[in-house]
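One structure is given below, encoded as structure tokens.
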2 protein chains.
Amino acid sequence: MAVIGRLSRLQRVVSAELKRTFAAHDLDSASFDVLATLRRSAPPHRLTPTELMKSGMVTSGAISQRLDRLEGRGLVLRTPNEEDGRGVRVSLTDEGRELIDRVLPEHLATERRLLSALTGERRDQFVETLRELLESLEGPAGPAGAACCRNSGRTSGACCAV
Amino acid sequence: MAVIGRLSRLQRVVSAELKRTFAAHDLDSASFDVLATLRRSAPPHRLTPTELMKSGMVTSGAISQRLDRLEGRGLVLRTPNEEDGRGVRVSLTDEGRELIDRVLPEHLATERRLLSALTGERRDQFVETLRELLESLEGPAGPAGAACCRNSGRTSGACCAV
DNA sequence: GTGATGTACCTCACCGCTAAGGTATTGCTA
DNA sequence: TAGCAATACCTTAGCGGTGAGGTACATCAC
């Protein structure tokens, strides 16, 4: 009870803070999420919209629109999927990769700063509790979002970058 | 790093689950937040839009619109604030109070279920860590949202119900 | 092969929130 | 007490997300 309220509150405060970093690079959370997920994916850093959808925990419509915006800015590229005529593959353009490579270090620094109140031990405990809760709610395989992890060879990874 | 991602992810999963409870009573998270905050406030359960704004961590425009919707459904009442000609006071109607009193127990049951994977001790640790993090980010007084707590006589309370 | 079902993605109407700006009132200060 | 900044709330344009629905392709059973 006090848990859920604080969880929600903390997430808002944190995401508001992260947003400031993104904004400094002319990005928003949605765009960052897509770019960072692509960057984190295994080479050749190419994912399908469905994978991005699961990773970001948003609907397919949201991903279509995110990709429209990013493609319009020349940050990602949609190419037909040769293995599946229904699908496309999304990849970073050079410009997109350069941008996310500039933003990521700053993003990580912000995250570290936000968590600096926690000692290493408490942080480990915290992450373990988060992991347990997620596992109990999503199941060990992570029905909603772990696809990005599986597909990129990560099983414990930092899905849901934002 | 793994922390922030999981935090965001967990919050989404949790709030999606809570939403189902609300929907069963023809409510959404925004409306529940307002009704529950009013209900939790000290008698006579009357708050200003500014207090609701801080409690919900949303903008004043969002509160105006939430109140429009709730008032249109006859769940809350806006009355002029006699002590301050600029302001209004928001209170629950009988119908609003009855509704939130029906929803709250179910909401609490959902919260308990979501946290059932955690033992009591781990839950206490978790809440303490959340509290520490919030304090470090908002300051001890809670610049953004603690007003609702102060005004309702709570200092450690369950602000940010959703 | 043919038809039925499922999947991948897109489109669009609608919705709630933000951010900027407006009005009315309060309260400080000269 | 007159002027001015601050405050409380509302209004609205614009934005991103959802959810429903559509199209194209894949897959499976027969």
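Residue numbers begin at 1 in each chain, while the letters A, B, ... track the order of the sequences.
The side chain of A/Asp28 has D/dG16 as its nearest neighbour among D/dG16, C/dT11, D/dC10. The side chain of A/Ser64 approaches C/dT11 more closely than any other nucleotide in the set C/dT11, D/dG17, D/dC10. For B/Arg86, the side-chain atoms get nearest to D/dT7 when compared with the rest of D/dG16, D/dT7, C/dC17. Listed nucleotides C/dT11, C/dT18, D/dG16 differ in distance to B/Ala62; the shortest reach to its side chain belongs to C/dT18. For A/Thr59, the side-chain atoms get nearest to D/dG19 when compared with the rest of C/dG16, D/dG19, D/dA26.
Residues A/Phe22 and A/His107 place their aromatic rings such that the two centres sit under 6.0 Å apart.
Nucleotides of DNA chain D nearest to A/Val58 and A/Gly85 differ in position, and the one nearer the 5' end is that of A/Val58.
The nearest pair of heavy atoms linking A/Glu51 to A/Arg46 is OE1-O, 4.5 Å.
Nucleotide D/dA8 holds its C1' atom 14 Å from the CD atom of B/Glu83, rounded to whole Å. For the pair A/Ile63 CD1 and C/dT7 P, the computed distance is 19 Å after rounding to whole Å. Atom CZ of A/Arg66 and atom P of C/dT11 are 17 Å apart (whole Å). In this structure, the CD atom of B/Gln65 is 10 Å from the C1' atom of C/dC15, given to the nearest Å. Residue B/Leu67 contributes atom CG, which lies 15 Å from atom P of D/dA8 at whole-angstrom precision. Summarising the geometry, the separation between CG on A/Asp33 and C1' on D/dG16 is reported as 13 Å, rounded to the nearest angstrom. What separates CE of A/Met57 from C1' of D/dG17 is a distance of 14 Å, to the nearest Å. Per the geometry, NZ belonging to B/Lys19 stands 13 Å off P belonging to D/dG17, to the nearest Å.
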| message | Applying side-chain hydrogen bond (donor to acceptor under 3.5 Å, both in side chains) to B/Thr79 and B/Arg89, what does each step give before you reach the verdict? | response | CA-CA 5 Å; B/Thr79 49; B/Arg89 287 176 180 288; over 6 Å; no
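Residues B/Arg39 and B/His45 bring a donor and an acceptor atom of their side chains to less than 3.5 Å of each other.
Within 4.0 Å (heavy atoms only), B/Gly61 reaches at least one base atom of the nucleic acid. Here B/Asp84 lies in heavy-atom contact (under 4.0 Å) with sugar-phosphate atoms only. Residue A/Arg78 is in sugar-phosphate contact alone, with no base atom involved, counting any heavy-atom pair closer than 4.0 Å across all strands shown.
Between the side chain of A/Thr129 and the backbone N or O of A/Gln125 there is at least one donor-acceptor pair closer than 3.5 Å.
Contact annotation: A/Arg69 side-chain N/O to D/dG17 OP1/OP2 distance is under 4.0 Å.
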